[in-house]
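Below you'll find the structure, written out as structure tokens, and then a few comments.
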Amino acid sequence: MVDNGGAGASGDDGGVKLEQDRLLPIANVGRIMKQILPPNSKISKEAKETIQECASEFISFVTGEASEKCRTERRKTVNGDDVCWAMEALGFDDYAGPLRRYLQRYRETEGDRANQEKHANTDNISIADQEKDASVPSSSSSYRDNRGTRM
């Protein structure tokens, strides 16, 4: 990894990303770290920045491997299965298994959510049809033809 002394790159950097664009937001990193620590624990700025750098590098490392797999398969989209494959390929087997289980549950939840939305839309259509039918007078109502004669 290239160390640029902690300074962000300039705007005319020839394609090098700004430090802030490459790293996870420090506030999010600190929030995640605090969740694991006992209450009233303090985290130094240096500790947050170190974890920020490590986590960002890890994400780039795994994503790069997954992206390379997609490139060789002539695909443009990296999906969850690609990330799990990359984790295993890079030797993170202890994490790949739980990640696959999480991905499966996520897909099931998203599928359930999509089905609920589908049924909600169907229910809304049914209600709209019922309201439409209610606004049309029944055959026992008085309709008049072109000449004004009651039908």
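From a predicted model like this one, the values you see are computed outputs, not experimental measurements.
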Check: residues 29-41 side-chain donor-acceptor pairs under 3.5 Å, at least two apart:
| from | atom 1 | to | atom 2 | distance (Å) |
| --- | --- | --- | --- | --- |
| R31 | NH1 | N28 | OD1 | 3.0 |
| K34 | NZ | S41 | O | 3.4 |
| S41 | OG | P38 | O | 2.7 |

Enumerate, atom names and distances included, each donor-acceptor pair closer than 3.5 Å involving a side-chain atom of residues 42-52, sequence neighbours excluded.
| from | atom 1 | to | atom 2 | distance (Å) |
| --- | --- | --- | --- | --- |
| S44 | OG | A47 | N | 3.0 |
| T50 | OG1 | E46 | O | 2.8 |
| Q52 | NE2 | L24 | O | 2.6 |

Report all side-chain donor-acceptor pairs from residues 78-85 shorter than 3.5 Å, counting only partners two or more places apart or in another chain.
| from | atom 1 | to | atom 2 | distance (Å) |
| --- | --- | --- | --- | --- |
| N79 | OD1 | D81 | N | 3.0 |
| N79 | OD1 | D82 | N | 2.9 |
| D81 | OD1 | R107 | NH1 | 3.4 |
| D81 | OD2 | R107 | NH1 | 3.4 |
| D81 | OD2 | R107 | NH2 | 3.2 |
| D82 | OD1 | K69 | NZ | 3.4 |
| D82 | OD1 | R75 | NH2 | 2.7 |
| D82 | OD2 | R75 | NH1 | 3.1 |
| D82 | OD2 | R75 | NH2 | 3.2 |
| D82 | OD2 | N79 | N | 2.9 |

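Every residue two or more places apart in sequence or in another chain that forms a ring-ring contact (aromatic ring centres under 6.0 Å, His included) with F92 is listed here: F58. Under the side-chain contact (heavy atoms from CB on, under 4.5 Å) criterion, R74 pairs with no residue, sequence neighbours left out.
Sequence neighbours left out, the pairs with a member in residues 83-93 that pass salt bridge (Lys or Arg N to Asp or Glu O under 4.0 Å) are E88-R100.
Salt-bridge annotation for E110 and R113: present, with a side-chain N of the basic residue lying under 4.0 Å from a carboxylate O of the acidic one.
Two residues are said to be in side-chain contact when any heavy atoms from C-beta on lie closer than 4.5 Å; E68 and R71 meet this criterion. With contacts defined as side-chain heavy-atom distances shorter than 4.5 Å, the pair R22/E53 qualifies.
With hydrophobic clusters built from ILVMFWY side chains whose heavy atoms lie under 4.5 angstrom apart, Y95 does not share a cluster with L103.
Within the model, atoms CG of D112 and CZ of R105 stand 13.0 Å from one another, a figure rounded to the nearest 0.5 Å.
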